[in-house]
Each structure stands twice: as structure tokens, then as C-alpha cells.
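Side-chain atoms are counted along with the backbone in the values below, which use heavy atoms only and exclude waters and symmetry mates. Convention: sequence-line order gives letters A, B, ...; per-chain numbering from 1.
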Amino acid sequence: MSGLPGVEAPMSGLRGAFAAGRFAVTAEIGPPRGADAEAITRKADHLRGWVDAANVTDNQGANVRMSSLAGSLLAQRAGVEPVMQLTCRDRNRMALQSDLLAAGALGIPNVLLLTGDHPRFGDHPEAKPVFDLDGVQLVWTARTLRDDGVLMSGKAVSPRPAWLIGTVENPFAPPLTFRARRLAKKVAAGAEFVQTQYVFDFEVFERWMASLRDLGVTEHCKIIAGVGPIRSLRALDFMRTAVPGVHVPDELDRRLRGVPAGRVEEEGIEVCVEAVQRLATIPGVAGVHLMALGFEHGVPDILRRAGIPRPPTVLPDHNRHHPMEGIGHAR
Amino acid sequence: MGVDEQRVPGGGWPRPVVPRIGARVSYALHHLLAAKPAYRRLGAWLERRRPAYRWFTWAERVTKEQLYGCRMCGQCALPDTGYTCPMTCPKQLRNGPCGGVSAEGRCEVHPELVCVWVTAIERAQDAGHGADLDLLQRPVDHREWDRSSWVNYWQGRDDGLGIAPSEDDPRPLLRRELGLRPR
């Protein structure tokens, strides 16, 4: 699979970070609600040179946005390595497999496979939820597609795609004792890296990490811990009540409510910086996933203050020779 | 959202069901129904006689619906899930709970109900069947809906529905296939 950016520049990108044992940093690019390619480019401009890769979300929160496949292509053209998210909510097994092939053909180096939020939380609650496969089965489908070169039907694919397979896990959702084994199942199915829900509760997170080390999961799967700044008390309330599966400990709640109204944002960013530093010391944590929704411009500052070195410089013309260059949107 | 929650539940999304029968009793009943040559012959006979098959399937539907909230997917996962039906999960997850389970263990789609996987894991572990939860469950074959999963089971069609970690694999659970149809 020559022609893949990850193969051309082995030290860059997510694969490069994992291979070199470098602390990986990923961020998030949420595609716009609109046929607006510039929206992706603008977010990518803030992240380029600071992160190893950026997730391009797939109808995040069950809200319709530009597709993650198109968003990933645009991010790649803007010089940010994409992690294409793909959920089981909107596609049956046929559509999932064809999008996986498309990602392979377009040289998208990473896919992140997940079950997906239920439509009830989004802007089309009346939609038909698909869930033909679950997240574990989708990971397995991708792994057999890539490594065995077969579709679920058993039919051969040629050539095979070459993306890295990622998934997600929430260490903070009950049943807590089952969460490490649930990830072990996904790793058994083929997941090579995992990004977690926001880590605010370090006690639970460290217990989960210890279970993963005991199960041997960390030897086969890179663990990337989710972090993000809480920049207002409104955001704090939203995190506590409206985001499924996020746990904000009382201690953090008191800390953010304890500062003057004008300093909440600064304190929230400081909390995030401390979280990144603390996560970097936990054995088996291979990186952080910075979810700074709408705050992409603040990502470099958080990383600088946390003392996370910048990834190796990627040549500015990194993607110039990509086969898809020039197709579609003309800027 | 608040007003919607007051309304009578619609039929569109599956609703988590807490089984009306204990896990231990269910495992015991399973032994009675376990694949035996006599049952296999009965299954084959039923499949040759449409009316008998329909009556038999109706009886299975009524029984399992009452006990487990069965939705007749035709490829029963109950023996691997502490006899708690994963098809009553709104996302129909067959390999464990999603990340949206609330701190109280409730379903994110139906916050008034306990997550079906929270129930399943508790029941399986209490009955000494916790290891079943590590099985990798194959995707559902949608052609099997409304067929008898008992007949399918007796005919051996459910073999390999959940794949066990291999004993000779030095990395248990890791790098195992869920099982493909032969090429």
C-alpha cells in the first residue's frame, strides 16, 4: 500500500507515534452543518503541527453533519491526518463495509469504529436507528476485511485497505468491573487503539487501567485518554447532566465553582492541563484525545502548558501528491 | 424531552426487559431442552410440517416473550447472557453495554429502565456463568426473525453464534475471529 501517507512518513501521524513510543495527541474536527469545506480547513489550521491526528466525527451526537468520509478527506488535504469515525447507527453492514473500502482507497490512515449515539439524542429522533452490527462486530468486520481480505459474505477484496483500527470505551459507565473486559473483547475483535470518554475521575480511570494491564490489553492496544477543558459553569452543568456516560467528581465541581465567575475558563483550562500531565505518568497510557469542541484554537496552548512535545514536523506538501488532490471542492 | 417521557412508550425502539424468571432456573431448563437426537428429529419433523412449525413457534414466542421479553430474532443469545435478552436493548447490542449507561445503571434511551446489560452481567456472574460474557457474539442473521430459535438450536444452526476464546491461543481472547461463513 505505498501511497499511504502513514507509510511514506513513518515517524508522523498516529501510526508513527505508536511505533516510536511517542506520547500521541489526537483532537477532534466536527464537520459542519452545511456544504462548507472551509469549516474543516479552518479547524485543521488550528491543529496542524500540534496533533498526530484528528478525529472526524460521524453525525456526532446523532445530529446530521457533513459525512465523516468527506470531512476526513478535507482534513487530509488541509494537512491534518484524519481518524475517520464510523458508527453503526446510520448504516447497515453493507454500507459500513463500502465506507471502509472507500476510506482505504482514499488513503485515510485511521478509522475509529463505534456503536454510536442513539437517534433519540439528536436532531432527527424520528429516524430509523440501524444498529445492524454493534461496535464489537464492526471492529471484527474491519479486521477481517483488512487482514484476511474478505467481506462478511466471505467474498475476497483486492487490494485490501490498510487503515489502523481504533475504537472507543467509557471506563466510567456501569458496570465498572466489566469495562476492561468489554475493551478486551474489542481488542480480541481487532482494535489497535482506543480513545476513552472524558477522564475527570482519576480514581476510576486508574483502576480501569490496572485491569487492562492485568488482562494484557495494553500490550495489544494503545490507550488514548479523553480530555477536554470545561470552560464555563454552563458547560460543567451540561457535562454533569446531559452527556451520557460522563462522570464529573464533586471535587472538580467544587474547584470550578470556587473561583470567581470571570476565572472559570482559565481554571477549566488549568484542570485540563493538569489532567494531560497526570495521564502522561500512568503506565499504559499512550496518549491523549483532546476534545475541545469549538475551542480548537486553544489546543496548542493546552499542549504547550502541559509540556507535551510537538509531533515531528510534517512536510508542508505532505498531501500534495495525494491521488484525490483537486477533486471536488475548488478553493 | 420531558413531555415526551410522559407519553405512552411507542413500539419503535426495543425496551430493556428484566426477566421474570431467575437465571439459575433458566440454566436448569436449558439442560432439559439441550440438543439431543430426539429433539433434533422433532425439529426436522416440525420443519417439514408448516402448521405444526407455526404452532410450535407460537408456543416458543409466548413463553419466551413472557419470561424474557423475547422478540423472536431466531438466534437465541440467552444462554450466553445470563438469560437476559440483548435484543431488548434499544441498540440491540449483543456484545455488552454501550457507553451511555447512567451512573445508576440505567438505559440512556429509556432512563426509567435498568440497562439490559447491567442485568445480564449481574445474572450471569451470580449464576457462575460470568465467563460467557467474554464470548464474541456474531452479527444477527436477519433472515431468521420469527423463526423458532429452539428448532435452529437443535438443528445445530446456532453453533458458533458466540465464539469462545481458544485454549491453545497463548493470547486468550486476543486476535480471535468472531467466525465467518466459509468461503
Discussion item. Taking the side chain as everything from C-beta on, heavy atoms only, tell me whether R93(A) gets closer than 4.5 Å to H142(B).
Written reply: yes
Discussion item. Only pairs of heavy atoms separated by less than 4.5 Å count here; which of A173(A), C221(A), P171(A), G135(A) has the most with chain B?
Written reply: A173(A)
Worksheet, complete the sentence: When the 4.5 angstrom heavy-atom criterion is applied to Q125(B) and chain A, the contacting part is side chain
Worksheet entry | chain A contact via L93(B) - side chain, backbone, both or neither, heavy atoms under 4.5 Å | both
Item to complete: Would you mind reporting whether C115(B) and P174(A) have side-chain heavy atoms less than 4.5 Å apart?
Response: no
Discussion item. Is it the case that over 12 heavy atoms from other parts of the model lie below 6.0 angstrom from the CH2 atom of W145(B)?
Written reply: yes
Practice prompt. Go through the atoms of R179(A) and report whether side chain, backbone, both or neither lie under 4.5 Å from a heavy atom of chain B.
Written response: side chain
Worksheet item: Do L136(B) and W140(A) come close enough that some side-chain heavy atom pair is under 4.5 Å?
Response: no
Worksheet entry | Donor-acceptor pair, side chain of D134(A) and main chain of N95(B), under 3.5 angstrom | yes
Item to complete: For the pair Q197(A) (side chain) and G99(B) (backbone), establish whether a donor and an acceptor sit closer than 3.5 Å, ignoring hydrogens and angles.
Response: no
Worksheet item: Please, which pairs that meet salt bridge (Lys or Arg N to Asp or Glu O under 4.0 Å) have at least one residue in residues 28-55 of chain B, sequence neighbours excluded?
Response: E47(B)-R157(B)
Fill in: Largest heavy-atom contact set with chain A, pairs under 4.5 Å, which of V118(B), V140(B), V109(B)
V109(B)
Fill in: Inter-residue atom distance R94(B).CZ - Q137(A).CD, 0.5 Å rounding
7.5 Å
Practice prompt. Determine which residues belonging to residues 74-92 of chain B lie within contact range of chain A, meaning some heavy atom pair is under 4.5 Å apart, and list them by number or answer 'none'.
Written response: P90(B), K91(B)
Fill in: Heavy-atom proximity to chain B below 4.5 Å, by part of N170(A)
side chain
Practice prompt. Enter the distance from R120(A):CZ to H110(B):NE2 here, rounded to the nearest 0.5 Å.
Written response: 8.0 Å
Item to complete: Give, for atom NZ of K128(A) and atom CH2 of W13(B), the distance between the pair rounded to the nearest 0.5 Å.
Response: 12.5 Å
Worksheet item: Would R181(A) and D134(B) satisfy salt bridge (charged side-chain N to carboxylate O under 4.0 Å, His left out), going step by step from the backbone distance to the final call?
Response: CA-CA 7 Å; R181(A) 276 166 68 195; D134(B) 291 335; 3.0 Å; yes
Worksheet, complete the sentence: Bottom line for H247(A): the part with an atom under 4.5 Å from chain B's heavy atoms is neither
Discussion item. Looking only at heavy atoms and a cut-off of under 4.5 Å, which of L114(A), L138(A), D132(A), V243(A) has the most pairs with chain B?
Written reply: D132(A)
Discussion item. Can you give me the closest heavy-atom contact between E108(B) and F121(A), atom names plus distance?
Written reply: O-CZ, 3.0 Å
Worksheet item: Does atom CD of E251(A) have more than 12 heavy-atom neighbours, drawn from other residues, nucleotides or ligands, at distances under 6.0 Å?
Response: no
